[in-house]
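Step one of this worksheet: look at the structure below.
Letters go in sequence order (proteins before strands), and every chain restarts at 1.
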Amino acid sequence: MAAAQAVEEMRSRVVLGEFGVRNVHTTDFPGNYSGYDDAWDQERFEKNFRVDVVHMDENSLEFDMVGIDAAIANAFRRILLAEVPTMAVEKVLVYNNTSIVQDEILAHRLGLIPILADPRLFEYRNQGDEEGTEIDTLQFRLQVRCTRNPHAAKDSSDPNELYMNHKVYTRHMTWIPLGNQADLFPEGTIRPVHDDILIAQLRPGQEIDLLMHCVKGIGKDHAKFSPVATASYRLLPDITLLEPVEGEAAEELSRCFSPGVIEVQEVQGKKVARVANPRLDTFSREIFRNEKLKKAVRLARVRDHYIWP
Amino acid sequence: MMEEDQELERKISGLKTSMAEGERKTALEMVQPAGTDRYCVKFVLHKEDHILGNSLRYMIKKNPEVEFCGYTTTHPSGNKINLRIQTRGALPAVKPFQRVLNELMNVCQHVLDKFEASIKNYKNQKASRNEPTF
C-alpha cells in the first residue's frame with residue numbers, strides 16, 4: 001500500500017524538498033514501471049486532456065492545461081514566443097529628421113511598436129525584394145513638425161504650453177494603403193495597437209518626416225515580431241499536511257504560505273489548519289525555515305497540470 | 001495559442017512531406033552510423049531546435065518498441081538537431097519516427113480543438129452573465 005503510493009507519487013508529483021527538488025523528469029515511459037501500460041494511446045490522452053480558460057480579456061489570458069506532458073507544453077511555450085508571426089515595422093525611409101533622436105535609434109523604436117494587423121492575411125516578403133507589394137507590406141507615414149505656440153503666456157515654462165506638437169506619439173502615424181488594401185481593410189482597422197506610445201520629443205524647428213514599411217516576421221528572427229509580452233506556465237501546487245496542525249501552530253502555518261492558501265478553522269474549540277486553495281501559492285518555501293512545522297507539510301507539484309497566467 | 005498549434009502542425013507536416021520526397025531544401029537527412037543495421041538510425045533535422053526535438057523524443061520514447069531515443073543540438077547558435085533512434089529489432093528505426101510525426105499532429109489537433117471549445121465556452125459564459133466580452 002505504501003509502496004503503491006510512493007510509486008504514484010513518483011509518477012505524478014514533483015516534490016519540493018528542503019534542499020532540492022525530486023522526481024523532476026518524466027518517467028512514465030513503457031517498461032519503467034511494472035503493472036502500468038505507458039505506451040502512447042491517443043484515446044487515453046484525449047480522455048484525460050482538458051483545457052479550462054480561467055480569465056480572458058483584451059491583453060491577457062489565463063488558462064489551465066491538464067493531462068499533457070512537459071515536453072509538449074514547453075514546445076507550445078517556445079512556439080508562442082518565437083514562431084507565431086506578427087507584423088512589425090522593418091524598413092524606415094527617413095526623408096527628414098532634424099530631431100535630437102538619431103535615425104537608427106528612431107528606427108529601432110519604431111520597429112518595437114505593436115501594429116494591429118492580422119498576420120494571417122499577409123505573406124512573407126521574399127528575400128531580396130526591395131519594394132514590397134500589397135500582399136506583404138503595410139505602409140505608415142509619420143510627419144510631425146514642432147512649432148512655438150504664439151499664444152503662450154510670457155513667463156510660462158511649461159513645455160505643453162510653450163510648444164505645439166513637441167511630443168510625437170503613435171497616434172501621429174497614418175496608414176497609407178497600398179494597392180487594394182483600402183478595399184480589404186476598412187478605415188481605422190490597420191493602426192498601432194496603442195496610440196499613446198511616446199516615440200520622440202521635439203523642440204521648435206525640429207521635424208520628423210519618414211515612411212515605414214511593415215512586414216510579417218517571427219520572433220526567432222527579431223524579438224519585435226514576438227506576439228506575446230510574455231508566455232509562461234507553472235505547475236499546480238499540491239500541499240499536503242502530513243499531520244494535523246492545531247492551535248498557535250495553525251496560525252503560524254497559515255502565515256508561511258501566500259494568503260488564502262491555508263485556512264484556519266475553529267473545530268470543537270480548537271483552531272485547525274486546512275489547505276484551502278493551493279493554487280494561489282507561490283512556493284516561497286518559507287515553511288522550511290520553521291523548525292517545528294517543516295516536517296508537517298509536503299510540498300509538491302502536480303506533474304501534468306499546467307497553469308498559464 | 002491557436003496560431004501556435006497550427007504552427008506546430010505545419011512544421012510537422014513539412015517534415016513529413018520532406019521525408020516522402022526524400023529531400024526538400026535539405027530539411028531532413030538520415031545517417032546510418034557505421035557498423036549498424038537499419039534498427040539504429042540518426043536523423044539530422046535542419047532548421048529545427050528544442051521545440052520539435054524534445055516533443056519528438058518524448059513521443060518516440062512512449063513506443064514500447066523503441067530501445068533508445070535521444071536528441072542533441074550541435075551548437076546553440078546552430079540550427080539543426082541530431083535525433084537518434086534505436087529499436088529492439090522488430091521494426092526498422094524509420095517506422096517509429098514516421099508514426100510519431102502523425103501522432104504529434106493528432107495531439108496538436110486535439111489540443112487546438114479543446115482549446116477553441118474552451119474559449120467559446122468561456123465567451124458564452126460571460127455573455128450569459130451579461131459581462132462585456134471583447
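- Considering CG of A:Leu121 and CG of A:Leu184, their distance stands at 8.0 Å, rounded to 0.5 Å.
- A salt bridge links A:Glu83 with A:Lys220: the distance from a Lys NZ or Arg NE/NH1/NH2 to an Asp or Glu carboxylate oxygen falls below 4.0 Å.
- Using a 4.5 Å cut-off between heavy atoms, A:Glu46 touches chain B through backbone and side chain atoms alike.
- Counting heavy-atom pairs closer than 4.5 Å to chain A, the top-ranked of the candidates B:Asn54, B:Val107, B:Val66 is B:Val107.
- A:Val54 touches chain B through its backbone: at least one of N, CA, C or O sits under 4.5 Å from a heavy atom, while the side chain does not.
- B:Asn106 touches chain A through backbone and side chain together, each having a heavy atom under 4.5 Å away.
- Ion pairing of B:Lys62 with A:Asp41 is absent here, as no side-chain N (NZ or NE/NH1/NH2) approaches a carboxylate O to less than 4.0 Å.
- A donor-acceptor pair under 3.5 Å links the side-chain atoms of A:Thr86 to the main chain of A:Phe225, judged by distance alone.
- For CD of A:Glu43, the number of neighbouring non-hydrogen atoms (other residues, nucleotides, ligands) closer than 6.0 Å is 12 at most.
- The aromatic rings of A:Phe185 and A:Phe122 sit parallel to each other, their planes meeting at less than 30°, with 60° as the upper class boundary.
- Residues of residues 69-84 of chain B lying under 4.5 angstrom from chain A, judged on non-hydrogen atoms, are B:Asn79 in numerical order.
- In this view, A:Lys91 and A:Glu130 satisfy the salt bridge (Lys or Arg N to Asp or Glu O under 4.0 Å) rule, not counting sequence neighbours.
- If you run side chain to side chain contact (heavy atoms under 4.5 Å, CB included) between A:Ile113 and each of A:His194, A:Met173, A:Met212, A:Lys224, only A:Met173 comes through.
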